[in-house]
Amino acid sequence: MESSKSLAAWEKSQQLIPGGVNSPVRNFSKVGGHPRFIERGAGSKIYDIDGNAYIDYVASWGPLVLGHAHPSVVEAIRSVALNGTSFGAPTTRETELADIIVNAVPSIEQVRLVNSGTEATMSAIRVARGYTGRDKILKIDSCYHGHVDYLLAKAGSGVATFGLSDSGGVPEDFARNTLTVPFNNPDAVREAIEANPDEIACLILEPIMGNMGIIPPREGYLDQLREITEEHGIVLIFDEVITGFRVAYGGAQSRYNVTPDMTCLGKIIGGGLPVGAYGGKRDIMRCVAPEGDVYQAGTLSGNPLAVTAGITTLKQLAEPGVYEQLEDRAATLADGLAEATQKHGIDAWHSRVGSMLMLYFTSETVTDADGARTADTERFQQYFWGLLERGVYVAPSQFEAGFVSLIHSEEDINNTIQAATQVLANLV
Ligand SMILES: *Cc1c(COP(=O)(O)O)cnc(C)c1O
C-alpha cells in the first residue's frame, strides 16, 4: 500500500508539532509505523493523501455517528457561517441545543455549553465541589475524563489509595484530592467513602467504560452507585462524552435507567465540531456563575457553527429506527468477528454496547481495567496493520473503541468481516 506522501507529511509535521500530531494516540505510537494523513471523508469512508480509501470505525473518536460530511450537517454549517461565525453574545440556537439536550437526557434540567469534553468534566467537578463544599473526588481506575490535571490520576496499590499522577507536569498536590477505585466494584466505593467521611464531593465515572476498550457495567452496579452516593450526599456524575446519544438517545443513563445528579457530554453533541456540555439538577446548576459563585466561562462557548452542527446531528438521531439500525449493524459486525476468532482458534474477548465495540486479544473475561490490561497488544498490532492494508481503519490502539455509524452499509460491514477474517486467519 502506497503511503509515501503520508510519511513525508509526518516527517514535516514532527518538526513543528510534538509527535507530529495534536492529540497523542493519532501518532500510531501504540502500533508502530506512521500515521496516515487524511485528505477527506465521505459517508463511511476516509481517504488519505496517497489516495487510499478506508472504511472508518474511528469516526473522529466517536462524534461522527452520521458519517463523514453528512450533507445536512455541511449545509447547516455553511448557511450559518454566511451570517457570522461568533458573537460572544447569546443566540437562540444555543437555547435550541440546550432544549434538545434537556429533553433527551433524564438527569439534565439545566445545561451549560463548553468547547470540549475536558472542559465539561473539569467544570462539572468544580460545580460539585462548590455545591457540596467538599474537596475530594472519587474516580474509577482507567476511566478517562479528558486531560484535566487532577483527573490524570490512577490507583496506586490497594483499594482507594490516593491518586498518583499518570502524567508529567502535574504536581502531586493536585492529585492528592483524587481517590481511585476499580470499576464494577461497589464495595470499593463504600470503603473509600467510609475512609473519607463527609469529604467526597463527587463520584465521576463513565457508565460504560469506553477508553480502556469497552467495559459495560455489571447488572445493578450503576444502581448501587446511585444508592451509595445519595446516602452520603455525594454528587454522582456520569461522564457520557462518548455514550451520550451513542448507546441510546438519552445516553447510558436512559439505557440502564439510572439517573445521576450531573452529566457531561461532548463528541456527538457537536456533530464533528468542538462542543462539550455539562448539566444536571437545577439546584446544583444554580451554583454556576452568574447565578451562583462557581466561575466558568468561554470565549467561543456556544459557537454558532458548532451548535448548529450539533443540532442538525441530534435531530437526525431523533428519527425513529435510528438506534435499532445502529444496534443491528454493530451486532452483525461483532458476531462476524466472534465467528472469525472462534474459527481460527484465537483467544478473544468481544465486548459491545450498542454501536460501540471492542475485540480484546485475551483469554480473560474483561470486567475492569485489570482485565483489559491482559490483552496481547502485539497481536493487536498485527491485526491493526492487516486491516489497514485491506482498507479498514480502526483506532491505532488495543484500548480505543470502534464505532459503527448510521452510514455504514451492510456491504461495508460484510467487507469488514471478510477482511478481519483473513487477517485473523494469518495472525501468529
Ligand atoms: C473524549 C472523552 C473526554 C474528553 O473529551 P475532549 O473533547 O477530547 O476533551 C472526556 N470523557 C470521555 C469519556 C471521553 O471519551
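Numbering of ligands and ligand atoms starts at 1, following listing order.
Considering backbone and side-chain N/O atoms, H145 never comes within less than 3.5 Å of an N/O atom of ligand 1.
Ligand-side atoms of ligand 1 in range of E206: 13 (C), range being under 4.0 angstrom from any heavy atom. The S116 neighbourhood of ligand 1 comprises atoms 7 (O), 9 (O), with distances under 4.0 Å to a heavy atom of that residue. Heavy-atom proximity to N211, at under 4.0 Å, picks out these atoms of ligand 1: 12 (C), 13 (C), 14 (C), 15 (O). Set against the non-hydrogen atoms of I242, the atoms of ligand 1 under 4.0 Å away are 15 (O).
Nearest protein heavy-atom neighbour of atom 15 (O) of ligand 1: K267 NZ, 2.6 Å. Regarding atom 11 (N) of ligand 1, its nearest protein heavy-atom neighbour is D239 OD2, 2.7 Å. Among all protein heavy atoms, the one lying closest to atom 6 (P) of ligand 1 is G117 N, 3.4 Å. Ranking the protein heavy atoms by distance from atom 9 (O) of ligand 1 puts T118 OG1, 2.6 Å first.
Within the 4.0 Å heavy-atom cutoff, E119 does not count among the residues contacting ligand 1.
Under the side-chain contact (heavy atoms from CB on, under 4.5 Å) test applied with L205, the options L222, I237, D239, L138 reduce to a single match, L222.
Partners of K12 by salt bridge (Lys or Arg N to Asp or Glu O under 4.0 Å), not counting sequence neighbours: none found.
The aromatic rings of F28 and F384 sit perpendicular, their planes meeting at an angle over 60°, well past the 30° parallel limit. In this structure, H408 and Y57 have parallel ring planes: the angle between them is below the 30° cut-off, well short of the 60° mark.
Taking the six-membered ring for Trp and the full ring otherwise, the centers of F399 and F380 sit at least 6.0 Å from each other.
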Check against side chain to side chain donor-acceptor pair (under 3.5 Å), D335 and T332: CA-CA 5 Å; D335 291 349; T332 306; over 6 Å; no
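A donor-acceptor pair under 3.5 Å is absent between the side-chain atoms of D368 and the main chain of P182, judged by distance alone.
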